[in-house]
Asker: 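Below you'll find the structure I mean.
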Amino acid sequence: MPELPEVEVLARHLRPALHGKSIRRIRVNRPKILRPTTEKQLQRALTGAKFKGLTRRGKYLLFEFRAKGGKDITLLGHLGMTGRMFVARKGEALPKHAAVVWELSKGTFVFEDTRYFGRMTLDLSAVEKLGPEPWDREFTPEVFARELKRSRQPIKVKLLDQSLIAGVGNIYASEALFRAKISPRLAANKLKFAQVERLLDAVRDILSEAIACGSTVPLNFGTGKSDGLFYFGSAPGVEDYYEERLQVYDRGGKPCLVCGSPIVRLVQAARSTFFCGRCQKV
DNA sequence: CACCATGTTCCTTG
DNA sequence: CCAAGGAACATGGT
């Protein structure tokens, strides 16, 4: 479930769910997910700590706590490929792959992750390496263009570079390029300035629309199958809602929704890219 | 069985 | 030193 929009929507749901609560006890079922923090360190830092706030940076979540001794603590969360987080109600069964569980003053916070690629750690170094948020005022088309000039990698691959721009993942990279009518194969340093402008607008619009869409969906994490979100999401009764959300991703061989020509799948940097060979000529 | 999957990091090669 | 490519991580779905 996790690119910037999904993480943003999750943050908006978790904030009120954690408001005013503190951590009674921490259970770690998958210590690796804390790396390089140890289970002991996490428990020492957070047992008895009170939730103070939650922000998002790129695809990361930053949990703020006030520890028992009065010290402020930041905990970093990342969903990896398959991570989910939710506050379960009392007596609710834990999912099979619950990696970390916080028993709260009221309720239970669950970080579950089938593939265990996610993170929950006191090591904040990953965030320092992130590039700007897509809507950062300083991140102008001029800045974007200057960075792209330095690379001959395909533009699709550059969009996934979190040190260039934070938060774009494999799905929305394809979607943004389709929106901007730019070929994913075009070398980053070959983009015209007008294309860079269009691409930045497209990235911002695609992500904003996904957040707006996700924000209207009633999440119901606890009950099982529904992660309530986006591409794989199926909140009850809103199935059709998702139909038209993705224009190219995972639509290989299907007709382009603009021109009807078949959507092409290719592999770049070991990841699938989808695009329309007719609409995205250059 | 084969191949695919929303992400990041590490290692190798040039 | 850097850029680029690929494997590894771990589990499940088709």
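Everything quoted here is computed from the prediction, not taken from an experiment. Order of the sequence lines fixes the chain letters, A, B, ..., with proteins taken first and strands second; residue numbering starts at 1 for each chain.
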Asker: Going by purine N1 to pyrimidine N3 plus the second Watson-Crick contact, or the G-U wobble pair, all under 3.5 Å, which nucleotide sits opposite dT6(B)?
Answerer: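 Here dT6(B) is not engaged in any pair, so there is no nucleotide opposite it.
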
Asker: Counting just side-chain N and O atoms, does K59(A) come under 4.0 Å of either OP1 or OP2 of dT6(B)?
Answerer: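 Checking K59(A) against dT6(B): no side-chain N or O falls below 4.0 Å of OP1 or OP2.
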
Asker: Just say parallel, tilted or perpendicular for the rings of W102(A) and F65(A), cut-offs at 30° and 60°.
Answerer: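 Taking F65(A) first and then W102(A), their aromatic rings stand perpendicular (interplane angle over 60°).
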
Asker: Counting only side-chain N and O atoms of R35(A), is one of them less than 4.0 Å from OP1 or OP2 of dT8(B)?
Answerer: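 False: R35(A) side-chain N/O out of range (4.0 Å or more) of dT8(B) OP1/OP2.
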
Asker: Starting from C1' on dT8(B), measure out to CG on L61(A) and report it in whole angstrom.
Answerer: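 Spelled out: CG on L61(A) to C1' on dT8(B) is 16 Å.
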
Asker: Starting the side chain at C-beta, find the nucleotide from dT11(C), dC9(C), dC4(B) nearest to K32(A).
Answerer: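 Ranking dT11(C), dC9(C), dC4(B) by closest atom to the K32(A) side chain puts dC9(C) first.
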
Asker: Using purine N1 to pyrimidine N3 plus N6-O4 or O6-N4 for Watson-Crick, or N1-O2 and O6-N3 for G-U wobble, each under 3.5 Å, what pairs with dC2(C)?
Answerer: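 Per the H-bond distance test, dG14(B).
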
Asker: Taking NZ from K156(A) and P from dT6(B), how many angstroms apart are they, rounded to a whole number?
Answerer: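 Spelled out: NZ on K156(A) to P on dT6(B) is 8 Å.
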
Asker: With a cut-off of less than 4.0 Å, is there a side-chain N or O of T82(A) near OP1 or OP2 of dG7(B)?
Answerer: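 Indeed not, no polar side-chain atom of T82(A) lies that close.
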
Asker: Please determine whether salt bridge (charged side-chain N to carboxylate O under 4.0 Å, His left out) holds for the pair D201(A) and R198(A), giving the CA-CA distance in whole Å, both sets of side-chain angles, and the decisive distance to 0.1 Å.
Answerer: CA-CA 5 Å; D201(A) 281 343; R198(A) 239 159 58 215; over 6 Å; no

Asker: dA4(C) and dT6(B): how far apart are their C1' atoms, nearest whole angstrom?
Answerer: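 One C1' to the other, the span is 23 Å.
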
Asker: Quick check on side chain to side chain donor-acceptor pair (under 3.5 Å): which of R84(A), K96(A), H97(A) does E112(A) satisfy it with?
Answerer: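 Between E112(A) and the candidates, side chain to side chain donor-acceptor pair (under 3.5 Å) is satisfied uniquely by R84(A).
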
Asker: Taking atom P of dT6(B) as reference, at what distance in whole Å does atom CZ of F274(A) sit?
Answerer: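 These atoms are roughly 8 Å apart.
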
Asker: Looking at every non-hydrogen atom in both residues, tell me the closest pair between L10(A) and M85(A) and how far apart they are.
Answerer: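 So the minimum-distance heavy-atom pair works out to CD1-O, 3.4 Å.
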
Asker: Could you work out the separation of dC9(C) and dC1(B) based on their C1' atoms and round it to a whole Å?
Answerer: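 Here dC9(C) and dC1(B) have their C1' atoms 22 Å from each other.
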
Asker: Find the distance K158(A):NZ to dG5(C):C1' and express it as a whole number of Å.
Answerer: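 Computing the K158(A):NZ to dG5(C):C1' distance gives 13 Å.
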
Asker: Can you tell me if Y116(A) touches the phosphate of dC9(C), counting only side-chain N or O atoms and a distance under 4.0 Å to OP1 or OP2?
Answerer: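 No, no such contact exists.
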
Asker: Go through the steps for E133(A) and R57(A) under the test salt bridge (charged side-chain N to carboxylate O under 4.0 Å, His left out), then give the verdict.
Answerer: CA-CA 7 Å; E133(A) 290 289 309; R57(A) 178 79 172 86; 3.0 Å; yes

Asker: For E209(A), is there an ion pair with R179(A) - N to carboxylate O distance below 4.0 angstrom?
Answerer: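 Yes.
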
Asker: Under the criterion of centre distance below 5.5 Å and interplanar angle below 30°, is F117(A) classified as stacked on the base of dG7(B)?
Answerer: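 Taking the rule of under 5.5 Å and under 30°, the ring of F117(A) does stack on dG7(B).
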
Asker: Please give, in whole Å, the distance from dC1(C) P to R150(A) CZ?
Answerer: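 Rounded to whole Å, this separation is 16 Å.
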
Asker: Measuring to OP1 and OP2 of dG12(C), would you say a side-chain N or O of H97(A) lies under 4.0 angstrom away?
Answerer: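 For dG12(C), OP1 or OP2 has a side-chain N or O of H97(A) closer than 4.0 Å.
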
Asker: Taking NZ in K190(A) as the centre, count heavy atoms belonging to other residues, nucleotides or ligands within less than 6.0 Å. Is the count above 12?
Answerer: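 Check fails, neighbour count at 12 or below.
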
Asker: Looking at the rings of F144(A) and F139(A), which for Trp means the six-membered one, are their centres under 6.0 Å apart?
Answerer: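 For F144(A) and F139(A), the ring centres are under 6.0 Å apart.
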
Asker: Using a cut-off of strictly less than 4.0 Å, decide whether K96(A) has a side-chain nitrogen or oxygen near OP1 or OP2 of dT11(C).
Answerer: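 For dT11(C), OP1/OP2 do not have a side-chain N/O of K96(A) under 4.0 Å.
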
Asker: Give a yes/no on whether any side-chain N or O of H78(A) is located under 4.0 angstrom from OP1 or OP2 of dG7(B).
Answerer: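 Answer is no, no contact under 4.0 Å.
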
Asker: Which whole number of Å gives the distance between the P atom of dG12(C) and that of dT9(B)?
Answerer: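 dG12(C) and dT9(B) have their P atoms separated by 24 Å.
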
Asker: Would you say dG7(B) has OP1 or OP2 under 4.0 Å from some side-chain N or O of R115(A)?
Answerer: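 Checking R115(A) against dG7(B): no side-chain N or O falls below 4.0 Å of OP1 or OP2.
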
Asker: Nearest-Å distance, CZ (R271(A)) to C1' (dA5(B))?
Answerer: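 From R271(A) CZ to dA5(B) C1': 9 Å.
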
Asker: Specify the separation, in whole Å, of atom CG of L160(A) and atom C1' of dG7(B).
Answerer: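 The answer, rounded to whole Å, is 9 Å.
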
Asker: Calculate, to the nearest 0.5 Å, the distance between atoms CZ and NE2 belonging to R119(A) and H78(A) respectively.
Answerer: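 These two atoms lie 9.5 Å from each other.
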
Asker: For DNA chain C, find the residues of residues 120-132 of chain A with a heavy-atom distance under 4.0 Å and give them by number; none if there aren't any.
Answerer: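 Correct list: empty, so none.
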
Asker: Atom CG of D113(A) to atom C1' of dG7(B): distance rounded to whole Å?
Answerer: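 To the nearest whole Å, that distance equals 10 Å.
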
Asker: For dT6(B), take OP1 and OP2 only and decide whether either is under 4.0 Å from a side-chain N or O of R245(A).
Answerer: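 False: R245(A) side-chain N/O out of range (4.0 Å or more) of dT6(B) OP1/OP2.
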
